[in-house]
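Read the structure below first, then the notes.
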There are 2 protein chains.
Amino acid sequence: MRPAKAVETGVPDVTTAQRILDVAEVLAQTRGFNGFSYADIASQLGMTKASLHYHFPSKGELGRALVARYHENFAAALATIDRAVKVPAEKLRRYAGLYDSVMRKDRMCLCGMLAAEYSTLPEAMRTALIAFFNANESWLAAVLEHGREGGAFSFRGSPKARAQSLLGALEGALLVARAYGDDRRFRATAKQLLDDL
Amino acid sequence: MRPAKAVETGVPDVTTAQRILDVAEVLAQTRGFNGFSYADIASQLGMTKASLHYHFPSKGELGRALVARYHENFAAALATIDRAVKVPAEKLRRYAGLYDSVMRKDRMCLCGMLAAEYSTLPEAMRTALIAFFNANESWLAAVLEHGREGGAFSFRGSPKARAQSLLGALEGALLVARAYGDDRRFRATAKQLLDDL
DNA sequence: GTCTATAGGCAGATAGAC
DNA sequence: GTCTATCTGCCTATAGAC
């Protein structure tokens, strides 16, 4: 039986693989997937490149794991919103808040960043990336449809089409605001997008 | 006096520097600035890497020239729109058409791509990038203000704020649509953005 | 202006000791 | 699991012949 560890502190096990992903995620969100190397991760963790390859044999594998975990965490955040809030407009406000918290950390959405690099990504990462966007769109479309039925929104067109443009608009707002280094700019655009519904 | 060349064909001089920029532009728009090398350009032009360095001593220099030329061409396109069209809504339709023509070539807007890579860019490129966005926003803000005064638009908020969110939304729509490889998706979003004004 | 040749460094990745 | 050592290849960039 596996021994319980760090029970006193209440701090759960953090595996090396997780710590690698943590560092890689920040690097990928700030510099892009092609903008960092195993050496960057290794130096930040005080270990060697060879050790990283034990956990993630190739960079493509690392990237795939990165997107998968990001997707899981995002899905969990959406589930939390669904549990905590029932009002569609407030759901969307919180959804935009997820992007805002990324902006405040001076990062880009991981998947927005990877979308820019799409043509250079291995197939497994491409597939995972599209899955992330699809999940976001489905969630958004459901909220939008529900909100319009309830009279909270009055947008034209299908909920699906709206979901697509909203997703793109938030990613783009983040992309440009980050270049300006201005998070108020992102919030102003996000508010406007939601007010337009 | 410099001898006239290619007068018979009516084809103007295309300098080597221009041809280098042409190839580099496509590469930067599809793979990102960190996603291509001098070797890629050289092989496409049938010349050596060393020759490229004669025209552009460093990759940063090449990138700066890339953004500067892109900005010039974009400004010229906006001037053409201003000359050909007076109706604000139609001006914006043509503006979105500029992005659409990029999408149809399976490329990303050069500056949207560079915005993703912002933190890895040399200072000169960052400055040129922001200048591009500023010019776009100024043009958009003027058209939006004019259109609202004329009763064509009824958006809320300042024209400047609208210009910022419109620019971001178009860049983001392009970014995501490109990952899906679906240009109809881009056009649907663009239409929606303009209809919302 | 374009070439050959090469420098010097960093990339992702592997072998094998501990 | 982590290390040292190393491989192979590509990167940006330069020197100097033509």
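Note on naming: letters A, B, ... go to the chains in the order of the sequence lines (proteins, then strands), and numbering restarts at 1 for each one.
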**Study point:** B:L66 backbone acceptor or donor facing B:E25 side chain under 3.5 Å
**Key:** no
Review point. Hey, does the side chain of A:T16 come within less than 4.0 Å of D:dG1's phosphate (OP1/OP2), counting only N and O?
Key: no
Study note, to complete from the structure: Between CD of A:E61 and C1' of C:dG12 the distance, given in whole Å, is 14 Å
N/O contacts under 3.5 Å, protein versus nucleotides 16-18 of chain D?
none

Exercise for review: Please state how far atom CZ in B:R19 lies from atom C1' in C:dG1, giving the value in whole angstrom units.
Suggested key: 12 Å
Exercise for review: Could you tell me whether a side-chain N or O of B:E137 sits under 3.5 Å from a main-chain N or O of B:K160, the two making a donor and an acceptor?
Suggested key: no
Mind listing the N/O atom pairs, protein and nucleotides 9-12 of chain D, below 3.5 Å?
unit_1, atom_1, unit_2, atom_2, d
D:dC11, OP1, B:S37, OG, 2.8
D:dT12, OP1, B:K59, NZ, 3.3
D:dT12, OP2, B:Y38, N, 3.0

Point to revise | Separation of atom CG in A:L52 from atom P in D:dC3, rounded to whole Å | key: 9 Å
Practice item. Measure the shortest side-chain to side-chain distance between B:D196 and B:F155 over non-hydrogen atoms and say whether it is less than 4.5 angstrom. Key: no
Practice item. Please examine the side chains of B:M108 and B:R178, heavy atoms only from C-beta on, and report whether any two atoms are closer than 4.5 Å. Key: yes
Practice item. Evaluate the side-chain proximity of B:R69 to B:F74: yes if any heavy-atom separation is below 4.5 Å, no if none is. Key: no
Point to revise | Check against salt bridge (charged side-chain N to carboxylate O under 4.0 Å, His left out), A:D100 and A:R93 | key: CA-CA 10 Å; A:D100 187 38; A:R93 228 183 52 76; over 6 Å; no
Check your understanding: Is any side-chain heavy atom of B:L78 less than 4.5 Å from a side-chain heavy atom of B:L98?
Key -> yes
Practice item. Test salt bridge (charged side-chain N to carboxylate O under 4.0 Å, His left out) on B:K91 and B:D82 and set out the steps. Key: CA-CA 7 Å; B:K91 283 193 181 193; B:D82 282 333; 2.8 Å; yes
Check your understanding: Once you round it to whole Å, what is the distance between P of D:dT2 and CZ of A:F56?
Key -> 12 Å
Review point. Between A:N134 and B:Y180, does any side-chain donor sit less than 3.5 Å from a side-chain acceptor?
Key: yes
Exercise for review: List the atom of B:C111, the atom of B:V67, and the distance in Å for their closest heavy-atom pair.
Suggested key: SG-CG1, 4.3 Å
Check your understanding: Between C:dA13 atom P and A:H55 atom NE2, what is the distance in whole Å?
Key -> 16 Å
Check your understanding: Going by atom types only, do A:N34 and A:T120 share a side-chain donor-acceptor pair under 3.5 Å?
Key -> yes
Review point. Rounded to whole angstroms, how far apart are OH on B:Y54 and P on C:dG1?
Key: 4 Å
Exercise for review: Scan residues 62-70 of chain A against DNA chain D and write down, sorted by residue number, each residue with any heavy atom closer than 4.0 Å; if none is found, say none.
Suggested key: none
Review point. Would one find a side-chain N or O of A:T48 under 4.0 angstrom from OP1 or OP2 of D:dT2?
Key: no
